[in-house]
Amino acid sequence: MVTRMESNSLTRNKNNFLKKAKEALEGTRFTQIEHVLETTSTNSDLVLRAAEIKENAVLVTEHQTDGRGRLGRIWEAPEGENLLCSLLLIPDWDSKKNPLVTSALAVSIVNVLSNKGMEALIKWPNDVVISGEHFGKLAGILSEYVQGTPSKVIVGFGLNVNWPNGSKEGPEGAVSLKMFGKNYDKWELLFEVLADFENQLRLLAAKGGELKLRQNHISLSATIGKLVRVDTPKKKIRGIAEDITQDGYLLINDGTNNIEVSSGDVINLRETNE
Ligand code: BT5
C-alpha cells in the first residue's frame, strides 16, 4: 500500500531540511547537501554522478521510484514517510578498509537509536534491527564502490520512520519507529546519524582504528554468538556466528571448520526454530 502525501507537505519537508542541514552538519565532512523530491534511487544517482562529484556529498529524497537493496532487491518506502539518504564518500582511509564503511554506518544508526532508549542492534552485514519481542528490520544499508582516482564509496540507508504503520503493512519483518510509538523528526535523526558517522569514519581512517570499529560492531551485533544459517550466493552455511573479521566478514563455525563469509543473508535459527 502506498500513501501519497500532498506535494506542498513534501516541499515543506524539503525546506525544513535545507534550513536546518547546513548548521547541523557544520564541522563534519557532510557539508555538500542536496534534497530532491523524487528520484529513482539516491544510491544510483550518486553512482552515476560519481565522476563529476569532487567532495563528500549527501543526497536525500522524499521518494524513490526504484529504491534498491542488495542483489537487485527492492527497498520500499511511500513518499515522504521515511528517511532515504545516500552519501558519496571520498575515502581518507586505506581502500582496504572500504568494506567497513557499512559497519561504521550501522554502528552510528544503532548508537543514535540506543541513545533514544531503543533496543537496536546490527544484523550482519547491513541491517539495523530492533531486538526482543517485536523483532524486526528498521533500517537497511547499501554500500557500493566506484573505481577511479580517488575511488569513491557510495553508502545509502533507508530508515523506517513512519512506515510501516503496523505489522500488516510493508515487507515481512519490517518495523518502523512509529510502530514503537516514537515520533521523531526524520531530519533530526539524520543529523544525529551523520554526526556519529563522522566520528566512526575518523576512527576508520586512524591507524588501527578499524580494530576499535570492529569491536564497536561486535558489541552491537545481533548475530555474533548466535546459531545462524547464512545463505550465500553459492551455498547455505549453518553454525555459530563466532566473529567479524577485520575485513568485515562473518566467521561461522559449522562444528568442523571456521568459514569466512563476505556476503549473504543471516537467518537466526533460534528465532525461527529451524
Ligand atoms: C538493504 O538491502 O537492506 C539495503 C537497503 C538500502 C536502502 C537505501 S534507501 C537510500 C538508498 N537508495 C537506494 O536505492 N538504496 C539505499 P537487503 O539486505 O537486500 O534487503 C532488502 C530486503 O529488505 C527486501 O527484499 C525486503 O524484503 C526488505 N525491505 C524492503 N523495504 C524495506 C523496508 N522499508 N523496511 C524493512 N525491510 C524492507
Side-chain angles (χ1 to χ4, degrees), residues 1-3 17 33-50 57-89 99 101-103 105-106 108-110 113 120-130 134-146 153-180 186-187 189-190 193-194 197 222-223 230-233 248 250 261-268:
M1 198 221 33
V2 172
T3 26
F17 171 75
I33 42 188
E34 192 182 352
H35 178 299
V36 292
L37 289 179
E38 182 171 273
T39 184
T40 50
S41 144
T42 50
N43 259 52
S44 303
D45 276 359
L46 291 181
V47 169
L48 284 172
R49 287 159 51 195
V58 182
L59 177 63
V60 296
T61 192
E62 300 296 334
H63 189 226
Q64 298 184 129
T65 54
D66 189 20
R68 294 189 289 117
R70 295 171 303 151
L71 307 167
R73 295 179 192 136
I74 293 170
W75 187 258
E76 295 180 50
E79 67 182 6
E81 301 288 354
N82 291 346
L83 194 44
L84 302 165
C85 172
S86 295
L87 310 161
L88 180 142
L89 303 173
V101 169
T102 305
S103 282
L105 183 55
S108 294
I109 296 172
V110 167
L113 296 167
L121 291 172
I122 305 166
K123 178 165 167 276
W124 187 89
N126 67 323
D127 288 349
V128 173
V129 296
I130 299 298
H134 302 291
F135 181 89
K137 176 164 171 174
L138 185 74
I141 299 171
L142 178 65
S143 295
E144 299 175 287
Y145 310 103
V146 178
V153 178
I154 285 118
V155 59
F157 72 103
L159 192 157
N160 301 333
V161 180
N162 292 317
W163 183 90
N165 194 8
S167 54
K168 293 207 176 85
E169 270 189 350
E172 200 187 331
V175 292
S176 69
L177 294 173
K178 194 169 192 178
M179 282 168 71
F180 292 92
K186 65 180 175 179
W187 304 134
L189 277 173
L190 174 66
V193 169
L194 294 185
F197 193 40
T223 307
V230 187
D231 296 352
T232 75
L250 188 65
V261 182
S262 62
S263 68
D265 290 310
V266 173
I267 293 104
N268 192 326

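Just so it is clear, the values below take in all heavy atoms, side chains as well, and ignore hydrogens, waters and symmetry mates. Order of appearance sets the numbers: ligands from 1, and atoms from 1 within every ligand.
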Enquirer: What protein heavy atom is closest to atom 24 (C) of ligand 1, reported as residue, atom name and distance in Å?
Expert: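 Answer for atom 24 (C) of ligand 1: Ile74 O, 3.5 Å.
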
Enquirer: Just to be sure I read this right, does ligand 1 sit under 4.0 Å from the backbone of Lys137, its side chain, both, or neither, counting only heavy atoms?
Expert: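 Both backbone and side chain.
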
Enquirer: Answer with side chain, backbone, both or neither: which part of Gln64 has a heavy atom less than 4.0 angstrom from an atom of ligand 1?
Expert: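 Near ligand 1, Gln64 shows its side chain, while the N, CA, C and O stay back.
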
Enquirer: With only distance considered, is Asp66 within less than 3.5 Å of ligand 1 through an N or O on each side?
Expert: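 By distance alone, the answer is no.
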
Enquirer: Check whether any side-chain heavy atom of Asn126 lies under 4.5 Å from a side-chain heavy atom of Arg70, and answer yes or no.
Expert: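 Answer yes - side chains close enough.
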
Enquirer: Heavy atom of Gly67 under 4.0 Å from ligand 1?
Expert: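 A heavy atom of Gly67 does come that close to ligand 1.
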
Enquirer: Ignoring hydrogens, what is the shortest heavy-atom contact between Val161 and Ser176? Give both atom names and the distance.
Expert: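 The answer is O-CB, 3.8 Å.
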
Enquirer: Tell me whether ligand 1 is touched by Gly170 - counting only heavy atoms on the residue side and a distance under 4.0 Å.
Expert: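 No, Gly170 has no heavy atoms under 4.0 Å from ligand 1.
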
Enquirer: Please report which non-hydrogen protein atom sits nearest to atom 25 (O) of ligand 1, along with the residue it belongs to and the distance in Å to one decimal place.
Expert: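 The closest one turns out to be Arg73 CD, 3.4 Å.
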
Enquirer: State whether the shortest distance between N or O atoms of Thr42 and N or O atoms of ligand 1 falls below 3.5 angstrom.
Expert: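 Yes, at least one N or O pair falls under 3.5 Å.
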
Enquirer: Give the residue, atom name and distance (to 0.1 Å) of the protein heavy atom nearest atom 29 (N) of ligand 1.
Expert: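 Protein heavy atom at minimum distance: Pro171 CG, 3.6 Å.
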
Enquirer: Just jot down the ring pair (Phe, Tyr, Trp, His ring centres under 6.0 Å) partners of Trp187, sequence neighbours excluded, or say none.
Expert: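 Partners of Trp187 under the ring pair (Phe, Tyr, Trp, His ring centres under 6.0 Å) test: Phe17, His35.
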
Enquirer: For Arg68, is at least one N or O under 3.5 Å away from an N or O on ligand 1?
Expert: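 Looking only at distances, the answer is yes, because the N/O contact criterion of under 3.5 Å is met.
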
Enquirer: What heavy-atom pair brings Leu177 and Leu138 nearest, and what distance separates the two atoms?
Expert: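 In terms of heavy atoms, the two residues are closest at N-CD1, 3.6 Å.
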
Enquirer: So which atom in Ala174 and which in Pro164 form the shortest heavy-atom distance, rounded to 0.1 Å?
Expert: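 Between these two residues, the closest heavy atoms are O-CG, 3.7 Å.
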
Enquirer: Can you give me the closest heavy-atom contact between Phe197 and Leu105, atom names plus distance?
Expert: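 Answer, listing the atom of Phe197 first, then Leu105: CE1-N, 3.4 Å.
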
Enquirer: Any N or O on Ser41 sitting closer than 3.5 Å to an N or O of ligand 1?
Expert: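 It does: an N or O of Ser41 is found under 3.5 Å from an N or O of ligand 1.
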
Enquirer: Asp127 and Lys137: which non-hydrogen atoms are nearest, and at how many Å?
Expert: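 Smallest interatomic distance, heavy atoms only, reads OD1-NZ, 2.8 Å.
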
Enquirer: Tell me every residue that passes side chain to side chain donor-acceptor pair (under 3.5 Å) with Lys123, counting only those two or more places apart in sequence or in another chain.
Expert: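 Partners of Lys123 under the side chain to side chain donor-acceptor pair (under 3.5 Å) test: none.
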
Enquirer: Could you tell me the residue and atom name of the protein heavy atom closest to atom 36 (C) of ligand 1, and the distance to it rounded to 0.1 Å?
Expert: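 Ranked first by proximity to atom 36 (C) of ligand 1 is Ala174 CB, 3.3 Å.
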
Enquirer: Report yes or no: does Asn160 have a heavy atom closer than 4.0 Å to ligand 1?
Expert: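 True for this residue.
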
Enquirer: Check the surroundings of atom CG in Leu71: do more than 12 heavy atoms from other residues, nucleotides or ligands lie under 6.0 Å from it?
Expert: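 Correct, the count exceeds 12.
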
Enquirer: With backbone taken as N, CA, C and O and side chain as the heavy atoms from C-beta onward, which portion of Pro164 lies under 4.0 Å from ligand 1: side chain, backbone, both, or neither?
Expert: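 No part of Pro164 is near ligand 1 at this cut-off.
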
